[in-house]
Amino acid sequence: MNSAERRNAILEIIKDQKQVKIIELSSMLNVSRETIRNDLYEIEQTEGLIKKVYGGAVLDETTKESAYDKRKETNKDAKKQIAKIAADLIEDGDTIYLDYGTTVLNLAEMLTDKKDLTVVTNTLPIINILAECENINLFVPGGVIRRNELSFAGASATRAINDIYVDIGFFGCSGINSKSGITNIFEGEVDFSRKILQQSTNAIILADHTKFGITSYKQVAKFTEVDVIITDKVIDTELRNVMASENKSLKIIESSTRGTE
């Protein structure tokens, strides 16, 4: 993990936990405390989203807009392109899982006219979209809510899906890297996603181009564990070759090339 990736991971951890200690970040990211101090200083100066305090840092909550709301507005067109491709893979009568993340939220908005779908999800904005659709059977495992991300996670949520299997699981992520595979930031969500990914007949990753080359805190899946990756731009040749060497059957769909092949 390079310095940019590490600082991105630190910022996401602070956004989630609201406050962190240097000693905890040092252990989590396997770097020295001095490195973490420098990272916190750089984040505070360049991002303006945190405040350094004695022994750590806290989230600067002078803005009331949530991290989730901000991400919804980032790369909106790319996320919609990805979601449209994903929606076309869903057939009436399917049982699907919709993961955490704003790209998957875009997918949920395109499912209201599908017939006899069964949807498993632990994301409150998706629940709100689909709850009134009489043509969709909605299963919500529940758990402990993360208010800043409007999602449910935790051990009780993971236990609730012990015997749940889906035709297609659609998963978001924070990073896709040749060494770390597919990663995300919050441990509770990752544990939940990873379990249901292993119980998905087909596992599909939805990720815009900003996620590539990034490593977040914890691995959701290896390339060998997913079937399709849908993105908006052409993936770097080196990364594509790594993916292909690890999983020869992995299908990559890039919206920027559709209609030109």
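Small disclaimer: the values here were computed from a predicted structure and weren't measured. One is the number of the first residue; the rest follow in order along the sequence.
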Asks: Once salt bridge (charged side-chain N to carboxylate O under 4.0 Å, His left out) is applied, do any residues pair with Lys84, and if so which ones, sequence neighbours excluded?
Replies: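 Partners of Lys84 by the salt bridge (charged side-chain N to carboxylate O under 4.0 Å, His left out) criterion, ordered by chain and then number, come out as Asp88.
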Asks: Please report the interatomic distance NZ(Lys79) to CG(Leu206), rounded to the nearest 0.5 Å.
Replies: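 So the NZ of Lys79 and the CG of Leu206 are separated by 11.5 Å.
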Asks: Would you indicate whether Asp92, at its atom CG, is surrounded by more than 12 heavy atoms from other residues, nucleotides or ligands within a distance under 6.0 Å?
Replies: yes
Asks: Quick check: do Thr103 and Ile230 have side-chain heavy atoms less than 4.5 Å from each other?
Replies: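 Answer no - side chains too far apart.
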Asks: Are there more than 12 heavy atoms of other residues, nucleotides or ligands under 6.0 Å from atom CD of Gln198?
Replies: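 Above 12, so yes.
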Asks: Taking only residues two or more places apart in sequence, or in another chain, which ones meet Asp39 in a salt bridge (charged side-chain N to carboxylate O under 4.0 Å, His left out)?
Replies: Arg6, Arg7
Asks: Where the side chain of Asn247 meets the backbone of Leu250, is there a donor-acceptor pair that is under 3.5 Å apart?
Replies: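 Side chain of Asn247 to backbone of Leu250, a donor-acceptor pair under 3.5 Å: yes, one is there.
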Asks: Who passes side-chain contact (heavy atoms from CB on, under 4.5 Å) against Asn38, sequence neighbours left out?
Replies: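 So Asn38 forms a side-chain contact (heavy atoms from CB on, under 4.5 Å) with Glu34.
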Asks: Holding to side-chain contact (heavy atoms from CB on, under 4.5 Å), I want the full list of residues that pass it with Val220, two or more places apart in sequence or in another chain.
Replies: Ile182, Asn184, Val190, Ser193, Leu197
Asks: Determine whether a donor-acceptor pair (N or O, by modelled atom type, separation under 3.5 Å) exists between the side chain of Ser245 and the backbone of Val242.
Replies: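 Present.
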Asks: When Phe170 is tested against each of Asp99, Ile205, Ile90 for side chain to side chain contact (heavy atoms under 4.5 Å, CB included), which residue passes?
Replies: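 Result for side chain to side chain contact (heavy atoms under 4.5 Å, CB included) with Phe170: Ile90.
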Asks: Give a yes or no on whether Leu29 and Ile214 share a hydrophobic cluster (residues Ile, Leu, Val, Met, Phe, Trp, Tyr; joining criterion: side-chain heavy atoms under 4.5 Å apart).
Replies: no
Asks: Which residue pairs pass the salt bridge (Lys or Arg N to Asp or Glu O under 4.0 Å) test when at least one of the two sits in residues 132-143, sequence neighbours left out?
Replies: none
Asks: Does Asp163 have any side-chain contact (heavy atoms from CB on, under 4.5 Å) partners at least two apart in sequence or in another chain, and if so, which?
Replies: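 Checked Asp163 against side-chain contact (heavy atoms from CB on, under 4.5 Å); zero matches.
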Asks: Name all residues meeting the ring pair (Phe, Tyr, Trp, His ring centres under 6.0 Å) criterion together with Phe152; count only those two or more places apart in sequence or in a different chain, and write none if there are none.
Replies: none
Asks: For Thr35, give me all partners under side-chain hydrogen bond (donor to acceptor under 3.5 Å, both in side chains), at least two apart in sequence or on another chain.
Replies: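 Partners of Thr35 by the side-chain hydrogen bond (donor to acceptor under 3.5 Å, both in side chains) criterion, ordered by chain and then number, come out as Ser32.
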Asks: According to salt bridge (charged side-chain N to carboxylate O under 4.0 Å, His left out), who are the partners of Lys114, at least two apart in sequence or on a separate chain?
Replies: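 By the salt bridge (charged side-chain N to carboxylate O under 4.0 Å, His left out) rule, Lys114 matches no residue at all.
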Asks: Filter on salt bridge (Lys or Arg N to Asp or Glu O under 4.0 Å), then keep only pairs touching residues 186-203, sequence neighbours left out; what's left?
Replies: Arg146-Glu189, Glu187-Lys218, Asp191-Lys218, Arg194-Glu225
Asks: Main chain of Ile161, side chain of Gln199: is a donor-acceptor contact present, judged purely on distance under 3.5 Å?
Replies: yes
Asks: NZ of Lys52: more than 12 outside heavy atoms within 6.0 angstrom?
Replies: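 Enclosed: over 12 neighbouring heavy atoms sit under 6.0 Å from NZ of Lys52.
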Asks: Checking Glu12 side chain against Ala9 main chain: does a donor-acceptor pair fall under 3.5 Å?
Replies: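 No, the answer is negative, given that no donor and acceptor are paired below the 3.5 Å cut-off.
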Asks: Could you pull out all residues at least two apart from Asp116 that satisfy side-chain contact (heavy atoms from CB on, under 4.5 Å)?
Replies: none
Asks: Please report the interatomic distance OG1(Thr215) to CG(Asn2), rounded to the nearest 0.5 Å.
Replies: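 Reported value, rounded in 0.5 Å steps: 8.0 Å.
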Asks: Please indicate whether Asn162 has more than 12 foreign heavy atoms, meaning atoms of other residues, nucleotides or ligands, lying under 6.0 Å from its CG.
Replies: yes
Asks: Does anything in residues 231-249 form a salt bridge (Lys or Arg N to Asp or Glu O under 4.0 Å)? List the pairs, not counting sequence neighbours.
Replies: Arg240-Glu254
